[in-house]
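Every chain is numbered from 1 and lettered A, B, ... according to where its sequence line falls, protein lines coming before strand lines.
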Amino acid sequence: MDAFKKRKLVNNIVLILSTLAALLGLLWLFWILGTLLYKGLGSLSLEVIIGDPPSPGDNHGGLKHAIVGQTLIVLTATVIGIPLGILAGTFLSEYGKNGRIANIIRDLSDIMMSIPSIVVGTFVYALMVKPLGHFSGLAGSVSLAIMMIPIIVRTTDDMLRMVPPELREAAYALGATKYRVIKDVVYKAAITGVITGVILSVARIGGETAPLLFTSFNNNFFTLNMFQPMASLTVTMYDYAMSPYKYWQDLAWAAAILLTFGVLGANILGRVVAHKFKK
Amino acid sequence: MRKDFLVDWTFGKVALLSALIVVFILVSLFIVLYKESSLAVSTFGVWKFITSTVWNPPMEKFGGAPAIFGTIVSTVISIAIAVPVAIGIAIFLTEIAPHFLRTPVGVAIELLAAIPSIIYGMWGLFFFAPFMRDKVQPVIHATLGKLPVIGQWFSGYTPGIGLLTASIVLSIMILPFTAAISRDSFNMVPDILKESAYALGATKWDVMKDVVIPYAKLGVIGGIILSLGRALGETMAVTFVMGNQPVIPKSLLEPATSITVTLANEFTEADTDLYLSSLFYLALILFVMSFIVIVIGKFLFLKKVER
């Protein structure tokens with residue numbers, strides 16, 4: 001075989017292998033989403049969504065406690081995370097710029113984004129659960145907020161820096177203070193981008209289980225009290241999937257489908273908003 | 001007028017304070033984990049804790065070796081599986097696929113990253129582990145398991161859940177990050193470089209091998225290291241399929257444990273101070289490991305790419 005033929009042969013083998021790699025990636029996605037639909041849709045019903053939690057071995061009941069708990073925990077995390085994240089991002093973009101302090105904070109915030117979520121869970125356990133002596137929904141929210149803040153910081157910083165400096169200069173020329181320029185010009189111009197960051201960060205923390213295992217823990221009763229242990233969809237899924245009862249396992253799959261499509265939906269929404277913004 | 005300046009001043013300080021809070025959280029994370037693990041550190045020391053293979057809560061003997069072993073081995077295997085596949089996907093997305101397919105396939109691969117970790121765990125436990133047990137592991141057993149020297153890594157008792165199954169699930173989870181970063185690095189290669197290579201008669205693979213990959217090397221390595229950081233800290237998926245046996249297994253097919261699996265399973269059960277402190281010690285070790293990996297990936301490799 002001459003060198004040319006050999007090169008062509010190697011080329012074709014590599015191209016085929018690469019295509020197979022892409023097919024393999026798609027295969028995993030369809031296999032996982034397929035089992036989710038197959039197990040989840042069959043278990044989904046109105047009772048699952050609005051029913052009270054089942055007692056052990058019971059074949060009735062639903063996920064009301066987990067759905068409400070999940071919403072409360074994520075909502076509270078968002079309430080803590082959004083102002084902190086946006087303000088910190090604003091500092092980096094508008095005050096710190098490319099100064100040394102801002103660059104260090106930027107790097108540390110990026111590192112924080114990659115800290116294992118379970119480590120965040122142990123941290124909040126030591127900070128809020130151990131001293132108080134009991135798990136609480138609020139501790140869960142704090143751990144999720146710690147995970148979402150760096151994501152919001154990063155996107156806010158990036159998006160505000162994309163606002164053209166001329167806009168700011170025009171406002172300054174009219175005698176506006178820095179706060180007014182940021183509030184009325186910079187935020188207005190970058191609002192879509194900032195919202196994208198918030199949506200993506202909610203999508204990210206919405207599916208988290210590990211940090212909740214020892215902060216909000218779990219609660220097989222309906223509660224609205226954030227100072228008590230609180231159920232979340234993810235931890236409930238973990239407990240129910242590992243339980244010996246068939247009905248509980250079915251509930252876990254129903255929770256799985258609700259959660260996954262919620263998270264995927266938020267993700268896609270974030271992308272669509274981001275796409276609009278870039279135009 | 002004066003009120004305007006007061007608001008202005010306050011806003012600037014509040015923004016600064018928020019940025020400092022981010023730093024404060026990271027620093028206090030380290031301090032708190034260190035403080036909480038101090039009892040275990042003073043009882044077992046560093047070297048003894050890392051090398052001891054005995055994890056026996058009733059006897060109050062805690063050694064981190066099985067968990068650290070499982071974490072490192074599962075991470076290394078998952079990277080070894082994910083990297084070639086991810087680079088293949090990146091080649092497919094940048095060089096092979098027709099343009100109308102690039103976005104949908106790219107988005108589909110990225111969706112893999114959006115699926116919550118616990119879903120991977122449930123799928124892994126109920127569907128993938130039985131598939132491994134019934135279809136894959138008997139084959140591995142009969143082929144690789146017969147080889148001299150390395151054969152014992154692929155033999156033994158095969159319940160489906162174990163180190164290899166966990167590593168494969170992990171590899172699927174890090175696949176999208178590695179693929180996305182490789183693709184973005186490949187896309188940064190100037191077209192003119194590729195065109196001149198094609199003009200010389202190079203095949204697509206020649207261009208990849210001699211132009212694109214050398215040019216994009218730093219970005220790809222940085223991406224691989226960041227994926228490694230993710231695999232280290234991944235919890236729920238491995239908790240379902242690792243098996244949670246606090247031993248160093250003889251074979252990759254056998255159940256094992258990892259730092260995250262131990263934490264997820266035992267944290268709320270720790271009934272003595274020393275037990276809890278040892279778990280915090282494991283968390284501290286994981287934190288330091290992933291911190292080092294992230295810093296290397298970000299600052300040694302990706303910073304150079306950004307410039």
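- Heavy-atom pairs under 4.5 Å with chain B peak, among A:Val263, A:Ile115, A:Thr90, at A:Ile115.
- B:Met236 touches chain A through its side chain: at least one heavy atom from C-beta onward sits under 4.5 Å away, while N, CA, C and O do not.
- When heavy atoms are compared at a cutoff of 4.5 Å, A:Arg271 approaches chain B solely by way of its side chain, counted from C-beta outward.
- Interface summary for chain A: among B:Ile109, B:Leu93, B:Ile119, the most heavy-atom pairs under 4.5 angstrom belong to B:Ile119.
- Residue A:Leu84 touches chain B through both its backbone and its side chain, counting heavy-atom pairs closer than 4.5 Å.
- Counting only residues at least two apart or on different chains, the salt bridge (Lys or Arg N to Asp or Glu O under 4.0 Å) pairs with a member in residues 89-104 of chain A are A:Glu94-A:Arg168.
- Among A:Leu108, A:Thr35, A:Thr234, A:Asn267, the residue making the largest number of heavy-atom pairs under 4.5 Å with chain B is A:Thr35.
- With a 4.5 Å cut-off on non-hydrogen atoms, B:Ile294 touches chain A through its side chain but not through its backbone.
- Residue contact with chain A, scored on non-hydrogen atoms closer than 4.5 Å, involves the side chain of B:Leu276 exclusively.
- Remark: B:Arg230 engages no residue in a side-chain hydrogen bond (donor to acceptor under 3.5 Å, both in side chains) (not counting sequence neighbours).
- Within the 4.5 angstrom heavy-atom criterion, only side-chain atoms of A:Gln249, from C-beta onward, approach chain B.
- Note on ring orientation: taking the six-membered ring where Trp is involved, the planes of B:Phe11 and A:Tyr95 are tilted (angle from 30° to 60°).
- Comparing B:Leu17, B:Leu175, B:Leu20, B:Leu286 by how many heavy-atom pairs each has under 4.5 Å with chain A, the most go to B:Leu286.
- B:Leu29 touches chain A through backbone and side chain together, each having a heavy atom under 4.5 Å away.
- When each of B:Phe267, B:Tyr34, B:Tyr275 is paired with B:Phe280, the side chain to side chain contact (heavy atoms under 4.5 Å, CB included) condition holds for B:Phe267 and for no other.
- Proximity to chain A (any heavy atom under 4.5 Å) is shown, for B:Val293, by neither the backbone nor the side chain.
- Both the backbone and the side chain of B:Leu111 come within contact range of chain A, each with at least one heavy atom under 4.5 Å from a heavy atom of that chain.
- In this structure the side chain of A:Tyr238 reaches within 4.5 angstrom of the side chain of B:Thr239, judged on heavy atoms.
- Contact of B:Val85 with chain A is made through backbone and side chain together, with heavy-atom distances under 4.5 Å.
- In this structure, no portion of A:Phe4 lies under 4.5 Å from any heavy atom of chain B.
- Using a 4.5 Å cut-off between heavy atoms, A:Lys183 does not touch chain B at all.
- The choice from B:Val7, B:Val105, B:Leu226, B:Val14 that makes the most heavy-atom pairs within less than 4.5 Å of chain A is B:Val7.
- For A:Ile104, no part lies near chain B; criterion is any non-hydrogen pair under 4.5 Å.
- Residue with the most contacts toward chain B among A:Leu213, A:Leu29, A:Leu127: A:Leu29 (heavy-atom pairs, distance under 4.5 Å).
- Checked against the 6.0 Å centroid threshold, B:Phe240 and B:Tyr120 do not count as a close aromatic pair.
- For B:Thr260, the parts lying under 4.5 angstrom from a heavy atom of chain A are both the backbone and the side chain.
- Ring pair B:Phe287/B:Phe30 is tilted by interplanar angle, where 30° to 60° counts as tilted.
- For a residue to count as touching a neighbouring chain, one of its non-hydrogen atoms must lie under 4.5 Å from one of that chain's; by this rule A:Ala203 does not touch chain B.
- Interface residue A:Leu24: only side-chain heavy atoms are found under 4.5 Å from chain B.
- In this structure, no portion of A:Ile86 lies under 4.5 Å from any heavy atom of chain B.
- For chain B, no part of A:Ala266 is nearby; none of its heavy atoms comes within less than 4.5 Å.
- Ring planes of B:Phe131 and A:Trp31: perpendicular class, angle over 60° (limits at 30 and 60°).
- For chain B, no part of A:Val124 is nearby; none of its heavy atoms comes within less than 4.5 Å.
- Heavy atoms closer than 4.5 Å to chain B are found nowhere in A:Phe30, neither backbone nor side chain.
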